[in-house]
Amino acid sequence: MTIATINRFIQIFDQTFAALRSTVPIHDIERLAMLVHSAMENKRRFYHTSMHVFDLCVGMKPLQVLAALFHDVVYYQLDNGFPQQSAVLLNGVVRHDNGSLILQQIDRDDAPLQLCADIFGFKAGHILPLFGGMNEFLSAVVAIRLLQPYLPMRDLLAIVASIEA
């Protein structure tokens, strides 16, 4: 029997959170799965798709699975901007300037965003390099903002570091 793509994402999220002993309500798991599914099923994508994510997740440990699920949710140039569900999570992170994305000033209370910037080596006011981690950084920001309510900072650090790697 074939499982629908969205159901596979729900199942992977559910099993991963269970393995981490993190209680996440099913409606939140469904919301996370829908966000990843929507990004991966963009019609402009040919490689960074749901199947790519499913292939990556095979045999991985739970934190690696979460990193794999989120590592390509933002593919700015291919998706022609931010995915609709992720755009609100990236408000205030970057600004557009002459076709480039520039990292905005990071609020001192935004520890997750600062963590992402530190791991990726990005500084406020700098252009995010198109082929030097921009998409991965933005994907990590989406991941950490969505996963923060359910996981301790050490797990978020591991996920961001895995996405950066």
Side-chain angles (χ1 to χ4, degrees), residues 1-91 93-94 101 112-113 115-117 119-120 122 128-165:
M1 179 167 101
T2 303
I3 299 174
T5 304
I6 186 64
N7 290 337
R8 284 185 72 183
F9 279 118
I10 292 168
Q11 185 178 47
I12 291 170
F13 272 109
D14 188 47
Q15 291 171 350
T16 301
F17 286 127
L20 292 170
R21 293 179 170 73
S22 179
T23 304
V24 181
I26 189 63
H27 67 277
D28 289 349
I29 289 173
E30 289 172 347
R31 183 176 51 88
L32 294 169
M34 289 175 60
L35 182 139
V36 174
H37 178 267
S38 176
M40 295 298 129
E41 293 301 313
N42 184 314
K43 299 295 184 221
R44 296 175 182 252
R45 294 187 182 209
F46 296 100
Y47 176 72
H48 299 278
T49 64
S50 297
M51 288 311 300
H52 168 64
V53 172
F54 296 149
D55 290 344
L56 282 177
C57 290
V58 174
M60 287 186 160
K61 295 179 180 176
L63 294 175
Q64 294 170 318
V65 168
L66 289 173
L69 287 166
F70 282 99
H71 84 284
D72 279 332
V73 293
V74 176
Y75 211 107
Y76 187 79
Q77 67 276 24
L78 194 59
D79 294 342
N80 214 18
F82 297 132
Q84 185 177 3
Q85 290 91 340
S86 299
V88 69
L89 299 167
L90 296 169
N91 282 343
V93 174
V94 295
L101 294 181
L113 178 56
L115 173 74
C116 289
I119 288 174
F120 279 82
F122 295 154
L128 297 180
L130 183 60
F131 298 106
M134 177 183 78
N135 292 313
E136 293 82 1
F137 169 73
L138 295 169
S139 294
V141 172
V142 169
I144 201 168
R145 289 200 164 153
L146 290 172
L147 298 174
Q148 185 179 8
Y150 313 110
L151 299 172
M153 190 58 82
R154 71 176 183 277
D155 289 352
L156 297 173
L157 171 66
I159 292 166
V160 172
S162 294
I163 293 172
E164 192 279 335

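These figures come from a predicted structure and were not determined experimentally.
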Are the side chains of [X] and [Y] in touch, meaning some heavy atoms are under 4.5 Å apart?
X: Q85; Y: V73; value: no
X: F120; Y: V141; value: no
X: F13; Y: V36; value: yes
X: F122; Y: P129; value: yes
X: D14; Y: Q11; value: no

Hey, could you give me the [atom1]/[atom2] distance between [X] and [Y], rounded to the nearest 0.5 Å?
X: C57; Y: R8; atom1: SG; atom2: CZ; answer: 9.0 Å
X: I159; Y: I119; atom1: CD1; atom2: CD1; answer: 10.5 Å
X: L113; Y: L89; atom1: CG; atom2: CG; answer: 11.5 Å
X: L35; Y: H37; atom1: CG; atom2: NE2; answer: 11.5 Å
X: L101; Y: L138; atom1: CG; atom2: CG; answer: 6.5 Å
X: S139; Y: L69; atom1: OG; atom2: CG; answer: 12.0 Å

Open item on the list: Which label fits F54 and F9: parallel for a plane angle under 30°, tilted from 30 to 60°, or perpendicular past 60°?
Closed with: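 Ring orientation, 0 to 90° scale: tilted.
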
Task: Test side-chain contact (heavy atoms from CB on, under 4.5 Å) applied to L147 and F17, step by step - done: CA-CA 10 Å; L147 298 174; F17 286 127; 3.7 Å; yes

Given 3.5 Å as the limit, does a donor-acceptor pair link the side chain of [X] with the main chain of [Y], or not?
X: S22; Y: Y150; value: yes
X: T16; Y: I12; value: yes
X: H71; Y: A68; value: yes

TODO: For side-chain contact (heavy atoms from CB on, under 4.5 Å), just list the numbers for F70 and L32, CA-CA rounded to whole Å, side-chain angles, deciding distance to a tenth of an Å, and then say yes or no.
DONE: CA-CA 10 Å; F70 282 99; L32 294 169; 4.1 Å; yes

Open item on the list: Looking at every non-hydrogen atom in both residues, tell me the closest pair between I144 and L115 and how far apart they are.
Closed with: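 For I144 and L115, the tightest heavy-atom pair comes out as CD1-CD2, 3.4 Å.
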
Task: For A19 against P62, the heavy-atom pair lying closest together - done: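 So the two residues come closest at CB-CG, 3.7 Å.
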
Open item on the list: Working note: V53 + D72, criterion side-chain contact (heavy atoms from CB on, under 4.5 Å); need CA distance, chi angles, decisive distance, verdict.
Closed with: CA-CA 9 Å; V53 172; D72 279 332; 5.7 Å; no

TODO: Would you check, one step at a time, whether the test side-chain contact (heavy atoms from CB on, under 4.5 Å) holds for L130 with Y76?
DONE: CA-CA 9 Å; L130 183 60; Y76 187 79; 5.5 Å; no

- [ ] Give every residue pair that meets the salt bridge (Lys or Arg N to Asp or Glu O under 4.0 Å) criterion with at least one member in residues 135-153, sequence neighbours excluded.
- [x]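 For residues 135-153, and leaving out neighbouring residues, the salt bridge (Lys or Arg N to Asp or Glu O under 4.0 Å) pairs sorted by first residue read D110-R145.
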
Task: Matching residue for I10 among Q15, E30, M34 - test: side-chain contact (heavy atoms from CB on, under 4.5 Å) - done: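 It is E30, the one option of Q15, E30, M34 that forms the side-chain contact (heavy atoms from CB on, under 4.5 Å) with I10.
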
